Amino acid sequence: AFEKSEINAKEENLRCYAGLLRGEALYGAGSFAEGAAAASKVAASCQGEVSLRARYNEGWCLIRSGAPEPAVPAFRGFLAASGGPSAHPLEGPARLSLGLALENLGNHDDAAAEYESVRAKFPGTDSALDAHSCLAALAAEREQYSTAVELYAAFLQQVGTVRTIHSPV
């Protein structure tokens with residue numbers, strides 16, 4: 001009986017990982033709604049890192065499919081589930097993505113708070129640099145042009161001190 005349960009656990013882990021990869025392939029193929037559904041299924045039925053990554057992927061699939069509203073609980077679910085004594089490697093990108101979803105919903109204050117939290121928690125990282133850029137763009141969108149100019153100037157001073165600039169995906 002022990003061997004059978006061990007085999008079943010390995011099969012389950014493979015099923016979960018294959019489901020995660022399928023969702024990522026759907027995202028890559030531009031099938032965002034289908035990718036979100038696949039990721040949601042994995043997040044709900046699997047555990048551990050695979051489930052966490054699926055929650056993150058679900059949020060991005062939803063944003064890309066034009067559905068930022070359900071992306072908010074997907075990213076918040078990731079952040080709640082990934083909490084621990086140290087930051088998860090995707091916490092910064094997840095907070096940036098949550099900010100983007102909130103911004104797309106017109107919730108600019110909460111979006112700015114997420115971007116600020118990334119800058120505060122992850123100084124000197126790619127995520128902090130991305131957050132700085134997002135804050136500058138948000139200020140410009142809100143017609144706070146002097147703030148946007150200051151933020152972009154500070155951003156440009158930081159470019160080169162961080163390895164790369166990339167999107168949160």
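All values derive from a computational prediction rather than experimental measurement.
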Nearest-0.5 Å distance, CZ of residue F155 to CG of residue L129: 4.5 Å
What about L105 and L138, same hydrophobic cluster or not, with Ile/Leu/Val/Met/Phe/Trp/Tyr joined at side-chain heavy-atom distances under 4.5 Å? yes
Gap between atom OH of Y115 and atom CG of L98 - 0.5 Å precision: 9.0 Å
What heavy-atom pair brings G124 and A128 nearest, and what distance separates the two atoms? N-CB, 4.1 Å
Pair E11 + R15: basic N to acidic O under 4.0 Å: no
Considering all heavy atoms of both residues, which atom of S51 and which atom of A43 are nearest to each other, and what is their separation? OG-O, 2.9 Å
With clusters built from Ile, Leu, Val, Met, Phe, Trp and Tyr whose side-chain heavy atoms come within less than 4.5 Å, directly or transitively, what are the remaining members of the cluster of Y145, listed by chain and number? none
Return each pair, listed once, that meets disulfide (SG to SG under 2.5 Å) where at least one residue sits in residues 18-51; pairs must be two or more places apart or across chains. C16-C46
Under the rule for side chain to side chain donor-acceptor pair (under 3.5 Å), what residues qualify as partners of R55, not counting sequence neighbours? none
Check whether H132 reaches the backbone of L151 with its side chain - one donor and one acceptor, N or O, closer than 3.5 Å. yes
Could you work out the complete set of other residues in the hydrophobic cluster of Y17, with links drawn between I, L, V, M, F, W and Y side chains under 4.5 Å apart? L20, L21, V42, V50
Residues at least two apart in sequence or cross-chain that pass side chain to side chain donor-acceptor pair (under 3.5 Å) with E34, listed by chain then number, are R22
Taking only residues two or more places apart in sequence or in another chain, which ones pass side chain to side chain donor-acceptor pair (under 3.5 Å) with R53? E24
Quick note, disulfide (SG to SG under 2.5 Å) partners involving residues 113-156, not counting sequence neighbours, are none
So, using ring pair (Phe, Tyr, Trp, His ring centres under 6.0 Å) as the criterion, who are the partners of F32 when residues are at least two apart? Y27
Residues two or more places apart in sequence or in another chain: which of them pass side chain to side chain contact (heavy atoms under 4.5 Å, CB included) with E116? R119, L135
Check whether Y56 reaches the backbone of L79 with its side chain - one donor and one acceptor, N or O, closer than 3.5 Å. no
Listed by chain and number, what are the side chain to side chain contact (heavy atoms under 4.5 Å, CB included) partners of S40, not counting sequence neighbours? E58
State, to 0.1 Å, how close K41 and S45 come at their nearest heavy-atom pair, and which atoms those are. O-OG, 2.8 Å
Calculate, to the nearest 0.5 Å, the distance between atoms NZ and CZ belonging to K121 and R95 respectively. 6.0 Å
Using 0.5 Å steps for rounding, measure from the CD atom of E103 to the CG atom of L96. 11.0 Å
Given salt bridge (charged side-chain N to carboxylate O under 4.0 Å, His left out), test R142 with D109 step by step and report yes or no. CA-CA 11 Å; R142 295 169 103 179; D109 291 337; 2.5 Å; yes
Has Q47 got more than 12 heavy atoms of other residues, nucleotides or ligands less than 6.0 Å from its CD? no
Side chains of residues 65-76: which donor-acceptor pairs under 3.5 Å do they make with residues two or more places apart or in other chains?
unit_1, atom_1, unit_2, atom_2, d
S65, OG, C61, O, 3.3
S65, OG, L62, O, 2.9

Count I, L, V, M, F, W, Y as connected when their side-chain heavy atoms are under 4.5 Å apart, and connections chain through other members. Are L100 and L90 then in the same cluster? yes
For N13, check side chain to side chain contact (heavy atoms under 4.5 Å, CB included) against everything at least two apart and list the hits. none
